[in-house]
Amino acid sequence: MSSIIKTADRLENSIQALNIAHAHSRDYLSGLEARRVFPSDGDIDNLRRFLEPLPAQSSDPQDTLDLLAKYGAPATTATAAGRFFGLVVGGALPAALGARIMTSAWDQVVFNDATSPVGVALEKVTADWLLDILGLPAKASVGFVTGTTAGTLVCLSAARHSLLRKAGWDVQKQGLWGAPKIHVVASEQMHVINQKILSLLGIGSADIEYVPCDENGAIRLDALPELTANSLVLTQAGNVNSGGFDPIGEIADRANQVGAWVHVDGAFGLWAAASTSKRPLLQGFDKAHSWVTDAHKWLNTPYDCGIAFCRTPQDVHAVMATVAPYLKAGETAAPKDMVPEFSRSARAIEVWAALRSLGREGVEDLVDGCCRHAETLANALKSIGFEILNDVVLNQVVATFPGHEDKMAELASRVQQSGEAWLGPTTWRGRNAIRISISSWVTQESDIKRTVKAIDREIVSDES
Ligand SMILES: *Cc1c(COP(=O)(O)O)cnc(C)c1O
């Protein structure tokens, strides 16, 4: 027997679910400061509770949400609070979090104007704001993707298209077999995802010419090979360990003399452009051809959200469009024609909300604040016997404890297990170290103090 339920009654269920989700989320956030950063063994053990067969029958949505709150929430890492320093993990700004919830209720698919007028309109506004605050060319294309990995695919496939087209090869039509070779030049310190994207694009590791870096992980200009019209140079703004910046402007000058392409991986470091004091690190970066960054890292939107920029939108359109092969001058492409995804969420709205609520000053304060905390932390670590291995130019600190270098991975793990803070191990220029990345709007001076104490406690207990 099928009953006819009015739409309003059906949606009443969604409203109830939102109320429940709201209450659970509020409890979660209000308890976050007091709880462990990494969950306890018991909380992880409780994840067993999810090991049930797929239910045969439907149930009240509340049952499902309650289960998630009871056993899911305690097994999270407290990345939304102030002492998670692993990878480059930002928190979620209040307006961005709120926007995420609202856009989830709207459930928009940002495909083109017809599927989501608000999604497309706000994407355009946000694109202009981003180009402005990051100091990128006003006519560059802006694609909202899941993160820097997907954004790198956008940028490097556009680069491949452009370089091969100039060499008389249409990769869209002719594929790669028999194509002229692209001369790929990359920092020996490039982030691992670049290798993956290059291989997806038919460029193997043996095809890459790696450039040696200086002590802070930046490309050495004197070691840069000669560039030609078919060179693709992968640079980075913000080394994932040291935070170091390649001399992008100088590399771009050389590239532009011969028609080579320069790509900038600025997953977090591109945000230095929003800070008056840090902008000099990016000197001349706007002379490059493509740039990628994350919003989910330093802009502190919820995961997952990244942005791909390209000086020549027609190159992105040529490789990403599902209908027309070329973008006519002055025309704006539908979102689906500028990114790998066909259907996707209205994630630009979270970026819009973050930027609108922070304003230019707020973004600058966010960047500067994290950099200041990194300096404070580095100095405090030095005072308890650590050696700081990187030049702390941004938000990254790499440190080791002389005499105990073989125990840095263990130290990171012990700090994680203490629940006080989360930091990871790394190796830097052949030395074992701990790595700390400060990228959240929530982090305060007191979090830095508490983290140093926790590190000190683990070092001392190890020595005794
Ligand atoms: C995090 C990071 C990436 C990868 O970005 P995702 O958002 O994880 O895809 C690439 N490069 C650098 C420098 C990074 O810090």
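The structure displayed is predicted, hence computed values, not measured ones. Each residue takes its place number in the sequence, starting with 1. Start at 1 and go down the list; that is how both ligands and their atoms are numbered.
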Would you compute the distance between atom OG of Ser343 and atom CD of Gln108 and round it to the nearest 0.5 angstrom? 13.0 Å
Give me the pairs of N or O atoms, one from ligand 1 and one from the protein, that sit under 3.5 Å apart.
{"from": "ligand 1", "atom 1": "5 (O)", "to": "Asp294", "atom 2": "OD2", "distance (Å)": "3.4"}
{"from": "ligand 1", "atom 1": "7 (O)", "to": "Thr148", "atom 2": "N", "distance (Å)": "3.1"}
{"from": "ligand 1", "atom 1": "7 (O)", "to": "Asp294", "atom 2": "OD1", "distance (Å)": "2.9"}
{"from": "ligand 1", "atom 1": "7 (O)", "to": "Asp294", "atom 2": "OD2", "distance (Å)": "2.7"}
{"from": "ligand 1", "atom 1": "7 (O)", "to": "His296", "atom 2": "NE2", "distance (Å)": "2.9"}
{"from": "ligand 1", "atom 1": "9 (O)", "to": "Thr148", "atom 2": "N", "distance (Å)": "3.4"}
{"from": "ligand 1", "atom 1": "9 (O)", "to": "Thr149", "atom 2": "N", "distance (Å)": "2.8"}
{"from": "ligand 1", "atom 1": "9 (O)", "to": "Thr149", "atom 2": "OG1", "distance (Å)": "2.5"}
{"from": "ligand 1", "atom 1": "11 (N)", "to": "Asp265", "atom 2": "OD1", "distance (Å)": "3.2"}
{"from": "ligand 1", "atom 1": "11 (N)", "to": "Asp265", "atom 2": "OD2", "distance (Å)": "2.7"}
{"from": "ligand 1", "atom 1": "15 (O)", "to": "Lys297", "atom 2": "NZ", "distance (Å)": "2.8"}

Of Asn256, Leu227, Leu234, Leu163, which is the lone residue that meets side-chain contact (heavy atoms from CB on, under 4.5 Å) with Trp261? Leu163
Within 45 degrees of the axis of the six-membered ring of Phe111 and under 6.0 Å from its centre: does Lys336 put its NZ or CZ there? yes
Spatial distance of atom CH2 (Trp422) from atom OG (Ser437) [nearest 0.5 Å]: 11.0 Å
I need the Asn432 CG to Met408 CE distance, nearest 0.5 Å. 8.0 Å
Residue list, side chain to side chain donor-acceptor pair (under 3.5 Å) with Arg372, at least two apart or on another chain: none
